[in-house]
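Before any comments, here is the structure.
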Amino acid sequence: MNEESDGALVRRTCSGEPRAFEALVRRHEKTVFNASLRMLHDREEARDVTQTVFLKVYEHLGEYDPSHKFYSWIYRIALNESIKALQRRKPTAALDLETPDGAPGPEGLLDRRLLSDGMAAAIMSLRAEYRAVIVLRHFMDCSYEDMAAILELPEKTVKSRLFSARQLLRTAMETRGWASE
Amino acid sequence: MTSQDTTLELINAEIDGVLTGPQRAELNRLLLADPSVRALRDGLTRTCRKLDEMPREEIPAGLHEAIVTGLPVAAPKSRGLRRTAFASRPLLRYAAAFAGGLLVSALAFQLGRLDSTEFGAGQLAGTIAAATHAEARMIVNLDQVHGSITLTGAAEAPQVVTSLESTQPVSIVTHLHEDGRVEVQVVDDATATVLQRGNLRIGPGHGSGH
């Protein structure tokens with residue numbers, strides 16, 4: 001199937017064809033929603049962030065530089081909006097991996113209904129910058145190069161952060177007894 | 001780079017499927033020589049497999065329609081025609097008009113009472129109410145005003161709940177159409193320009209938005 005490229009759809013949208021933008025939304029909405037969901041662990045917030053992302057993309061479409069991948073641009077906006085949503089939460093929701101013995105873990109601050117999956121809880125226990133690389137690599141299927149472009153960081157830094165994030169996740173899973181198969 | 005860094009890089013390269021031939025040989029040598037490397041590799045591989053196996057959720061009902069119908073009326077601006085940057089705008093210049101600064105209000109409209117033939121009539125009146133649950137939501141993210149407008153309640157008697165912050169006077173104009181669709185417009189009071197328009201709907205029976 002010969003799908004129209006993102007760039008072609010962007011050009012058509014800017015030429016006044018709103019249906020072309022709808023095609024872009026349809027193509028990327030699920031990935032954006034899932035990325036936001038993994039960053040926020042809240043369906044309502046993820047829904048709002050997804051809507052905001054496409055609104056921002058539409059408003060700034062004229063500024064899109066076609067020499068870059070469209071999805072890198074949209075994913076960057078998605079991560080930034082998710083991080084803004086996290087920052088709007090109460091300070092206690094800023095999650096750190098390490099908690100003193102006996103203190104409620106970060107998952108205690110979240111909707112327990114949504115935390116039945118240990119891995120989801122472990123992801124939420126990561127700091128936002130680590131969570132972002134996990135989301136980009138494992139939920140958005142981004143390469144190291146894509147991640148570096150989206151996060152505007154050197155590839156070496158991105159790899160180092162990803163490796164650290166995976167180690168933190170592994171530790172979280174093992175110490176909380178979620179690692180068993 | 002320390003040997004531990006090298007080991008980690010090799011393990012992660014294997015997980016990401018970017019291991020070269022010589023790197024594969026080096027990793028195999030390390031795995032054979034050191035049980036702790038094997039444990040590390042097994043743990044990380046298992047962790048990443050669990051990550052990759054996590055289900056991708058379908059988007060909520062009505063989200064696609066909410067995105068599309070909530071887009072601004074105007075076509076995207078081309079480069080060079082952008083509006084003034086946020087930082088140079090008179091921030092909260094008109095905030096006093098909205099209860100002393102930050103407006104986060106919830107204005108509920110008993111739309112069921114409106115005459116659906118009164119097209120174009122501004123309907124910015126109502127009582128304060130809190131949304132019990134979101135059914136269909138339009139995100140507003142304009143220079144002048146941002147927040148959300150939510151249609152909630154029963155399909156036959158929907159309520160519009162706004163949660164907006166604004167830097168200048170704007171009106172939220174709603175109109176209940178005969179087909180059950182609630183048309184929402186964000187209007188600049190100074191120029192009477194429609195800044196954003198959208199349609200919200202609570203689906204019959206299932207309660208999801210469109």
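FYI, side chains are in, hydrogens and waters are out, and symmetry mates aren't considered; it's all heavy atoms of this structure.
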Margin query: Using the rule given for side-chain contact (heavy atoms from CB on, under 4.5 Å), can you reason through M54(B) versus R38(A), listing the C-alpha separation, both sets of side-chain angles and the distance that settles it, and then say yes or no?
Written below: CA-CA 10 Å; M54(B) 288 179 80; R38(A) 292 304 170 198; 3.4 Å; yes
Check [X] against [Y] and note the closest heavy-atom contact, atom names and distance.
X	Y	value
L71(B)	L55(A)	CA-CD1, 4.0 Å
A66(B)	R47(A)	CB-NH2, 4.2 Å
P72(B)	Y58(A)	CD-CD2, 3.6 Å

Point to revise | V18(B), part contacting chain A, at a heavy-atom distance under 4.5 Å | key: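 When you check distances to chain A, only side chain atoms of V18(B) fall under 4.5 Å.
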Note to self: Under 4.5 Å from any heavy atom of chain A, what part of I11(B) do you find: side chain, backbone, both or neither?
What the structure shows: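 Nothing of I11(B), per the 4.5 Å heavy-atom cut-off to chain A.
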Distance from [X] atom [atom1] to [Y] atom [atom2], nearest 0.5 Å?
X	Y	atom1	atom2	answer
Q196(B)	E59(A)	CD	CD	7.5 Å
M119(A)	T47(B)	CE	OG1	5.0 Å
L8(B)	K159(A)	CG	NZ	12.0 Å
F163(A)	N12(B)	CZ	CG	4.0 Å
N34(A)	I59(B)	CG	CD1	10.0 Å
R137(A)	D52(B)	CZ	CG	7.5 Å

Mind running side-chain contact (heavy atoms from CB on, under 4.5 Å) on V25(A) and H64(B) for me, showing each step along the way?
CA-CA 7 Å; V25(A) 172; H64(B) 176 82; 3.6 Å; yes
Query raised in the report: Would you call D16(B)-R166(A) a salt bridge at under 4.0 Å N-O?
Result: yes
Original post:
Would you call R43(A)-E57(B) a salt bridge at under 4.0 Å N-O?
Top reply: yes
Does L169(A) form a side-chain contact (heavy atoms from CB on, under 4.5 Å) with K50(B)? I'd like the steps, not just the answer. CA-CA 11 Å; L169(A) 273 182; K50(B) 282 178 181 288; over 6 Å; no
Engaged part of [X] at the chain B interface, taking heavy atoms whose separation is under 4.5 Å:
X	value
R26(A)	both
F139(A)	both
Q167(A)	both
D48(A)	both

(message) Would F54(A) and I139(B) count as a side-chain contact (heavy atoms from CB on, under 4.5 Å) here? Give the steps.
(response) CA-CA 10 Å; F54(A) 284 103; I139(B) 298 294; over 6 Å; no
